Engineer: 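Pasting in a structure now, in structure tokens, and then I'll have a few things to ask.
As the structure is a computational prediction, the values presented were derived from the model and not from experiment.
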Amino acid sequence: MVATVDLSPFMADEGVVVGAVPTASQLAGAKAIDLACRDTGFVQVINFGVSAELRRRAFAAAEALFAQPEEHKRERLARLQPATNTGYAPVGL
């Protein structure tokens, strides 16, 4: 089972404050992430400061990109760059 960790204790109006004394909720969240990474290697995070609308738009953009014909993607998208894990490579390459 993949652990779910709520990141809302780390969020503040001014963003995440680095260097401040962590709250009990922040320590619990950090401990849950550590345990999940050691146990399964996976963690699902919620309440991480990205709105539902932005997530919807990001998934829609990804869906539109992957729906493009393979020839279009091969000709027009940047080649995969292993050093940065960015770019496009056809399936099986």
Side-chain angles (χ1 to χ4, degrees):
M1 184 170 136
V2 175
T4 299
V5 178
D6 183 356
L7 294 185
S8 62
F10 295 92
M11 301 297 132
D13 289 341
E14 67 277 3
V16 177
V17 179
V18 177
V21 176
T23 66
S25 296
Q26 290 171 333
L27 290 171
K31 183 176 180 179
I33 291 170
D34 179 65
L35 180 62
C37 290
R38 292 171 190 272
D39 184 32
T40 64
F42 296 94
V43 62
Q44 174 186 359
V45 295
I46 59 172
N47 300 321
F48 48 89
V50 177
S51 70
E53 173 60 17
L54 181 55
R55 290 193 309 270
R56 185 198 65 72
R57 289 178 29 223
F59 277 100
E63 184 177 0
L65 174 68
F66 285 103
Q68 294 292 319
E70 191 66 33
E71 182 177 322
H72 172 86
K73 291 185 277 191
R74 267 193 244 116
E75 291 176 0
R76 298 196 180 177
L77 299 180
R79 296 295 300 160
L80 181 66
Q81 300 296 315
T84 59
N85 197 28
T86 59
Y88 175 75
V91 175
L93 186 68

Engineer: Between atom CZ of R74 and atom CD of Q68, what is the distance when rounded to the nearest 0.5 Å?
Structural biologist: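 Separation between the atoms: 13.5 Å.
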
Engineer: For the pair K73 (side chain) and F66 (backbone), establish whether a donor and an acceptor sit closer than 3.5 Å, ignoring hydrogens and angles.
Structural biologist: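 Checking the backbone N and O of F66 against the side chain of K73, a donor-acceptor pair under 3.5 Å is found.
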
Engineer: To the nearest 0.5 Å, what is the distance between CG on L7 and CD on Q26?
Structural biologist: 10.0 Å

Engineer: How long is the straight-line distance from CG of L27 back to CG of D34, given to the nearest 0.5 Å?
Structural biologist: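 Here the interatomic distance stands at 12.0 Å.
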
Engineer: When you compare the side chain of V5 with that of L35, does any pair of heavy atoms fall below 4.5 Å?
Structural biologist: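 Side-chain contact under 4.5 Å: no.
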
Engineer: If you measure from OH on Y88 to CD on E75, what distance do you get to the nearest 0.5 Å?
Structural biologist: 11.5 Å

Engineer: Evaluate whether atom CD of E63 has more than 12 neighbouring non-hydrogen atoms of other residues, nucleotides or ligands under 6.0 angstrom away.
Structural biologist: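 Check fails, neighbour count at 12 or below.
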
Engineer: What closest approach, in Å, do F42 and A36 show between heavy atoms, and which atom pair accounts for it?
Structural biologist: O-CB, 3.4 Å

Engineer: To the nearest 0.5 angstrom, please state how far the CZ atom of F48 sits from the CE atom of M11.
Structural biologist: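 The distance works out to 9.0 Å.
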
Engineer: Under the criterion salt bridge (Lys or Arg N to Asp or Glu O under 4.0 Å), I'd like the reasoning laid out for R56 against E53: C-alpha separation, chi angles, the key distance, then a yes or no.
Structural biologist: CA-CA 5 Å; R56 185 198 65 72; E53 173 60 17; 2.8 Å; yes

Engineer: Give a yes or no answer on whether the side chain of R55 reaches the backbone of V50 with a donor-acceptor pair at less than 3.5 Å.
Structural biologist: yes

Engineer: Rounded to the nearest 0.5 Å, how far does CZ of F59 lie from CG of L54?
Structural biologist: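 It comes to 10.5 Å.
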
